[in-house]
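Worksheet: the structure to be examined is printed underneath.
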Amino acid sequence: MPATMFRNFTHPETGWLFGLGPTQLAIVIAASFPIWISLSNQRWAAVGIFTLIWGLVVVLTVVPLGGRSSTGWMIAAAAFAIASLSGWSVFTSRAERGRLRDLDDLDMPGVLAPIEIVEGPPAGVEQRRMAVIKNTAARTWAITARIQHFGTAMADESELARYASALTDLVDVAAQGEMVEEIHLMVRATPDDCAERELWLRNHITDTAPDTAAATNIELLRWGQAGTRTESFLTIVVPEARLAREAKHLGGHLAGRMNTLITVATEIGTVLTGAMGATDVAWLTSPELAAVVRTGFAPGDRAGLIHAHHQHQLDNTVVTDVPWALAGPTHTTSAVRHYTHDAWHTITTTLKLPEKGTTMGALGSVLVPSQAMERRSVTVVFPIERQSSADRKASQAEFTTSLGQELRDRLGVRTGIKDRRNKDKIDQVETQLALGATLTHPYVVCSTTVPQSAPINEFGRRLDAAIRQAGFAPQRLDMSQDCAFVTANIPLGISLSRKGLL
């Protein structure tokens with residue numbers, strides 16, 4: 001991708017973009033108080049002891065180990081242990097407990113519990129009612145689209161460069177209106193069940209068909225099941241504060257919010273079908289989104305849904321939609337290194353994006369399943385900084401770098417290559433922000449899903465190997481597998497970068 005796509009970024013688990021986080025800074029400052037008290041009393045032995053203790057506190061607080069500091073690991077481990085002992089990490093649906101009353105009520109685990117689905121007004125030529133995802137806990141609204149695209153496997157370098165530039169334009173267009181907070185691009189690669197071809201063969205192979213033709217088509221069906229089927233989704237997330245302000249001018253209350261989201265969807269759809277090369281962009285309705293969520297938790301249910309749609313053409317009484325009360329899993333368990341949901345379990349990993357950027361399509365090899373039973377998913381999230389916030393952070397970084405450089409010059413300390421590269425990087429960010437570019441901090445989440453009969457740790461190792469072969473460094477999202485699974489596989493706008501999720 002071009003440099004404008006990866007202008008500057010941070011991983012959601014490695015702290016703030018510039019400097020320490022507020023909690024880390026408070027701990028470091030508080031731990032230094034005994035040193036200053038000892039200095040004021042001229043107790044030099046105590047100064048030495050407290051300095052050693054302060055250094056140990058700084059190392060435990062600041063130095064990251066696997067994406068978290070030592071204190072962060074202790075806090076996460078304690079929270080995970082409490083959740084496990086109290087049973088909070090285990091989810092049981094109302095249907096399994098025999099308490100299902102309304103099929104329209106969502107019954108989701110963990111971070112999906114506050115989700116509500118609101119149907120928008122009819123829009124477009126087909127008068128489709130777009131499903132709007134309301135997250136009451138995070139105070140956000142989101143909409144999801146299914147994207148049809150030829151992919152990047154057969155694209156040449158010029159076409160890849162055009163896609164990368166279009167992706168940059170997509171982020172810039174989303175940021176210009178100061179409405180969109182995040183963009184999620186999700187691709188799920190599932191073993192092909194060939195349900196459509198199987199139905200076609202059943203309807204067209206007759207008793208009078210030649211034996212050779214029938215055998216050939218059946219053999220092609222078997223070979224087709226060795227392939228993969230990819231699904232691409234785009235989710236845009238809008239915070240309630242921004243949406244409410246804009247909704248006042250478009251009808252107010254719920255109607256104004258729906259009209260605003262339709263306007264944002266139109267702008268994003270124009271970019272997707274333009275330079276991005278998407279052949280079709282369909283904003284999902286509530287039944288379509290429920291089916292997507294169901295197949296996200298249970299990949300094997302897709303064939304049954306396809307057969308139900310076929311039977312509905314013959315018998316109108318056949319139910320084809322997935323009720324929201326049954327769209328989620330029946331039973332889930334969150335372990336330290338994997339997530340179990342119904343008859344499946346998943347391992348989710350994030351990867352470190354290089355500072356110099358990467359090429360479009362570099363993650364394609366990560367989506368290739370290692371066996372026919374495996375599903376791979378990759379989600380790229382683009383949290384978008386507001387222009388005022390981006391300018392402020394860039395100014396703070398420039399001030400900190402200049403101050404450090406001035407101190408090194410006065411002390412006669414040599415400026416290393418890493419410091420010079422950091423200074424050039426900050427100058428480049430300021431230049432691009434001055435030209436109207438957008439500051440975004442993209443991160444990637446990858447997952448592998450297999451049946452419970454398969455060894456999940458082995459497939460997790462294969463996923464890590466595929467990430468390394470693609471040129472990236474993987475990092476398992478330990479003790480956060482439930483939220484990470486949702487981000488990687490369920491297109492409902494759940495993000496790892498939002499405070500309180502990790």
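Because the structure is predicted, anything quoted here is derived from the model rather than measured.
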Subject >> For the student: nearest non-hydrogen atoms of Ala362 and Ser365, plus distance >> reply: O-OG, 4.1 Å
Subject >> Any side-chain donor near an acceptor of the partner, Arg302 and Thr295, under 3.5 Å >> reply: no
**OP:** Any chance you could lay out the side chain to side chain contact (heavy atoms under 4.5 Å, CB included) test for Leu167 and Phe382, step after step, and finish with the verdict?
**Re:** CA-CA 11 Å; Leu167 188 55; Phe382 296 90; 4.0 Å; yes
Original post:
Can you tell which of Val450, Asn489, Thr448 makes a side-chain contact (heavy atoms from CB on, under 4.5 Å) with Arg375?
Top reply: Asn489
Original post:
Side chains of Leu492 and Leu289: closer than 4.5 Å at any heavy-atom pair?
Top reply: yes
Original post:
If only atom types and distance count, is the side chain of Arg468 paired as donor or acceptor with the main-chain N or O of Ala473 below 3.5 Å?
Top reply: no
Original post:
Is Glu288 paired with Arg146 through a side-chain N to carboxylate O contact shorter than 4.0 Å?
Top reply: no
**OP:** Output, in order, the C-alpha distance, side-chain angles, deciding distance and verdict of ring pair (Phe, Tyr, Trp, His ring centres under 6.0 Å) for Tyr163 and His149.
**Re:** CA-CA 11 Å; Tyr163 288 155; His149 197 280; 5.1 Å; yes
Subject >> Exam field: side chain His345 to backbone Tyr339, donor-acceptor pair closer than 3.5 Å >> reply: no
Original post:
Can you find a pair of side-chain heavy atoms, one from Asn135 and one from Ile494, that are under 4.5 Å apart?
Top reply: yes
**OP:** List for me each residue that meets salt bridge (Lys or Arg N to Asp or Glu O under 4.0 Å) alongside Asp107, sequence neighbours excluded, and say none if there are none.
**Re:** Arg94
**OP:** Answer yes or no: is there a side-chain heavy-atom contact under 4.5 Å between Leu363 and Val380?
**Re:** yes
**OP:** Flag the pair Trp54 / Val28 as yes when at least one side-chain heavy-atom distance between them is below 4.5 Å, and no otherwise.
**Re:** yes
Subject >> Any side-chain heavy-atom pair of Glu181 and Thr140 under 4.5 Å >> reply: yes
**OP:** List in chain and number order the residues that pass salt bridge (Lys or Arg N to Asp or Glu O under 4.0 Å) with Glu116, two or more places apart in sequence or in another chain; answer none if no residue qualifies.
**Re:** none
Subject >> Nearest-0.5 Å distance that lies between atom CG in Leu234 and atom CG in Leu170 >> reply: 6.5 Å
Subject >> Contact summary for Pro474 and Phe472, nearest pair of heavy atoms >> reply: CD-O, 3.6 Å
Original post:
Any side-chain heavy-atom pair from Thr51 and Ile53 closer than 4.5 angstrom?
Top reply: no
**OP:** Taking all non-hydrogen atoms of both residues into account, name the closest pair between Ala291 and Val322 and its distance.
**Re:** CA-CG2, 4.2 Å
Subject >> N/O donor-acceptor pair under 3.5 Å between Tyr443 side chain and Leu496 backbone >> reply: yes
**OP:** Mind listing the closest non-hydrogen atom pair of Ile347 and Gly460 along with its distance?
**Re:** CD1-CA, 3.8 Å
Original post:
What's the spacing between Lys352 NZ and Ile467 CD1 if we round to 0.5 Å?
Top reply: 14.5 Å
Original post:
Taking it one step at a time, do Leu351 and Cys446 satisfy side chain to side chain contact (heavy atoms under 4.5 Å, CB included)?
Top reply: CA-CA 8 Å; Leu351 55 87; Cys446 312; 3.7 Å; yes
Subject >> Note, Ile384 side chain near Ile183 side chain (heavy atom, < 4.5 Å) >> reply: yes
Original post:
Taking the side chain from Thr350 and the backbone from Val444, do they hold a donor-acceptor pair closer than 3.5 Å?
Top reply: yes
Subject >> Nearest-0.5 Å distance that lies between atom CD1 in Ile143 and atom OG1 in Thr235 >> reply: 9.0 Å
Original post:
Among Thr332, Thr333, Val486, Asp482, which residue meets the side-chain contact (heavy atoms from CB on, under 4.5 Å) test with Pro109?
Top reply: Thr332
Original post:
So, Ser32 side chain and Ile29 main chain: donor-acceptor pair closer than 3.5 Å or not?
Top reply: yes
Original post:
In Å and rounded to the nearest 0.5 Å, what is the CD1 to CZ distance from Ile490 to Phe297?
Top reply: 4.5 Å
**OP:** Answer with yes or no whether the side chains of Thr346 and Thr449 bring together a donor and an acceptor at under 3.5 Å.
**Re:** yes
Subject >> Short side-chain to backbone donor-acceptor contact, Ser286 and Ala131, under 3.5 Å >> reply: no
Subject >> Verdict with reasoning, Glu385 to Thr440, per side chain to side chain contact (heavy atoms under 4.5 Å, CB included) >> reply: CA-CA 6 Å; Glu385 289 280 356; Thr440 180; over 6 Å; no
**OP:** For the pair Arg128 and Met130, evaluate side chain to side chain contact (heavy atoms under 4.5 Å, CB included) and give the outcome as yes or no after the intermediate values.
**Re:** CA-CA 6 Å; Arg128 292 168 57 88; Met130 181 174 59; over 6 Å; no
Original post:
Pro121 and Met258: which non-hydrogen atoms are nearest, and at how many Å?
Top reply: CD-CB, 3.6 Å
**OP:** Using a cut-off of 6.0 Å, state whether more than 12 heavy atoms not belonging to Gln127 lie near its atom CD.
**Re:** yes
Original post:
Are a donor atom and an acceptor atom from the side chains of Thr260 and Trp141 found within less than 3.5 Å of each other?
Top reply: no
Subject >> Selection residues 239-251 - residue pairs positive for salt bridge (charged side-chain N to carboxylate O under 4.0 Å, His left out), sequence neighbours left out >> reply: Glu240-Arg257
**OP:** For Pro329 and His341, work out which heavy atoms get closest and say how close.
**Re:** CB-CB, 4.4 Å
Original post:
Going from CD on Gln481 to OG on Ser334, what distance comes out if it is rounded to the nearest 0.5 angstrom?
Top reply: 7.0 Å
Subject >> Donor-acceptor under 3.5 Å (Arg376 side chain, Val366 main chain) >> reply: yes
**OP:** May I have the step-by-step check of side chain to side chain donor-acceptor pair (under 3.5 Å) for Arg188 and Ser377, ending in yes or no?
**Re:** CA-CA 4 Å; Arg188 302 193 310 207; Ser377 299; 5.3 Å; no
Original post:
Can you find a pair of side-chain heavy atoms, one from His184 and one from Glu182, that are under 4.5 Å apart?
Top reply: yes
**OP:** Please answer whether the main-chain N or O of Ala255 pairs with a side-chain N or O of His253 as donor and acceptor at a distance below 3.5 Å.
**Re:** no
Subject >> Donor-acceptor contact present, side-chain Thr266 to main-chain Ile262, <3.5 Å >> reply: yes
**OP:** Determine whether the side chains of Thr379 and Thr487 contain a donor N or O and an acceptor N or O closer than 3.5 Å.
**Re:** no
Original post:
About how many Å separate OG1 of Thr348 and CD of Gln475, when rounded to the nearest 0.5 Å?
Top reply: 13.0 Å
